[in-house]
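Residue numbers count from 1 along this sequence.
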Amino acid sequence: MSKSSKTNNVTAKMYDTLVRPVITEKSMISSEAGKVTFLVPLSASKDDVKAAVEAIFNVKVNKVNTIRQFGKEKRFKGYVGQRSDFKKAVVTLAEGQNIDVTTGI
C-alpha cells in the first residue's frame, strides 16, 4: 500500500466521523464561546472526534463532550414509529481558534 492511498483512507475515515454540524440556536450561541457541535456516528469515540476535527479544520481542540440521544417513539398517521438514535459531540476549541460551520468544508 502506498503512502498516498493510506493517507486518503485516514482522511475518508475522518470525514465519516463528522456526519454534519448541528446548526441550532443553542449551538450558534455556544459557538461564540468557542464550542462547535457535530453529529457523529454512535460508534465514534471522543479521541476519534478530536483527531477528525483537528485534521479537517486545522484547529487545536481542548475538550470533547459527547451526548447520546435515544430516539423517541412517535406516531405517524396512527402507526407507532421509532426515531433513530444519534450522538452529538460538543468540541471545545483552544483560545483564539474558530470554525465557521455555516460556510462548509
First locate atom CG of Asp47, then atom OG1 of Thr17, and finally report the distance between them rounded to the nearest 0.5 Å.
-> 11.5 Å
Apart from Ile29 itself, which Ile, Leu, Val, Met, Phe, Trp or Tyr residues share its cluster (side-chain heavy atoms under 4.5 Å, direct or through members)?
-> none
Please examine the side chains of Thr66 and Lys88, heavy atoms only from C-beta on, and report whether any two atoms are closer than 4.5 Å.
-> no
Residue pair Lys74 / Arg83: nearest heavy atoms and the distance that separates them | CE-NH2, 3.5 Å
Rounding to 0.5 Å, atoms NZ (Lys50) and OG1 (Thr92) come to a distance of 11.0 Å
Other than Phe76, which residues form its hydrophobic cluster under the rule that side-chain heavy atoms must be closer than 4.5 Å?
-> none
Mind checking whether Val19 and Val64 sit in one hydrophobic cluster, side chains of I, L, V, M, F, W, Y counted as touching below 4.5 Å?
-> no
Determine whether more than 12 heavy atoms belonging to other residues, nucleotides or ligands lie under 6.0 Å from atom CD of Gln82.
-> yes
Under the side-chain contact (heavy atoms from CB on, under 4.5 Å) test, residues paired with Thr24 that sit two or more places apart | Val22, Lys26, Ser27
Is Leu39 reachable from Met28 through a run of I, L, V, M, F, W or Y residues, each pair having side-chain heavy atoms under 4.5 Å apart?
-> no
Are Val59 and Val101 joined in one hydrophobic group, where the rule is that I, L, V, M, F, W and Y side chains link up if heavy atoms are under 4.5 Å apart?
-> yes
Using links of under 4.5 Å between side-chain heavy atoms of ILVMFWY residues, direct or through other members, which residues join Val90 in one cluster?
-> Ile67
Tell me, with the steps shown, if Val49 and Val91 meet side-chain contact (heavy atoms from CB on, under 4.5 Å).
-> CA-CA 8 Å; Val49 173; Val91 178; 4.0 Å; yes
Which hydrophobic side chains are connected to Leu42, either touching it within the sub-4.5 Å cutoff or through other members that do?
-> none
Straight-line distance of Ser43 OG to Asp48 CG, nearest 0.5 Å = 8.0 Å
Check for a donor-acceptor pair, side chain of Gln69 on one end and backbone N or O of Asp85 on the other, with a separation under 3.5 Å.
-> no
Smallest separation among heavy atoms of Lys46 and Asn65, with atom names = CE-CA, 4.4 Å
Heavy-atom nearest pair, Met14 first then Ala55, reads SD-CB, 3.3 Å
Heavy atoms from other residues, nucleotides or ligands near NZ of Lys35 exceed 12 (cutoff 6.0 Å) | no
Scan for ring-ring contact (aromatic ring centres under 6.0 Å, His included) pairs involving residues 30-52, sequence neighbours excluded, and state none if there are none.
-> Phe38-Phe57
Joint hydrophobic cluster, Val61 plus Tyr15, side-chain heavy atoms closer than 4.5 Å | yes
CG on Leu18 to CD1 on Ile56, rounded to 0.5 Å = 4.5 Å
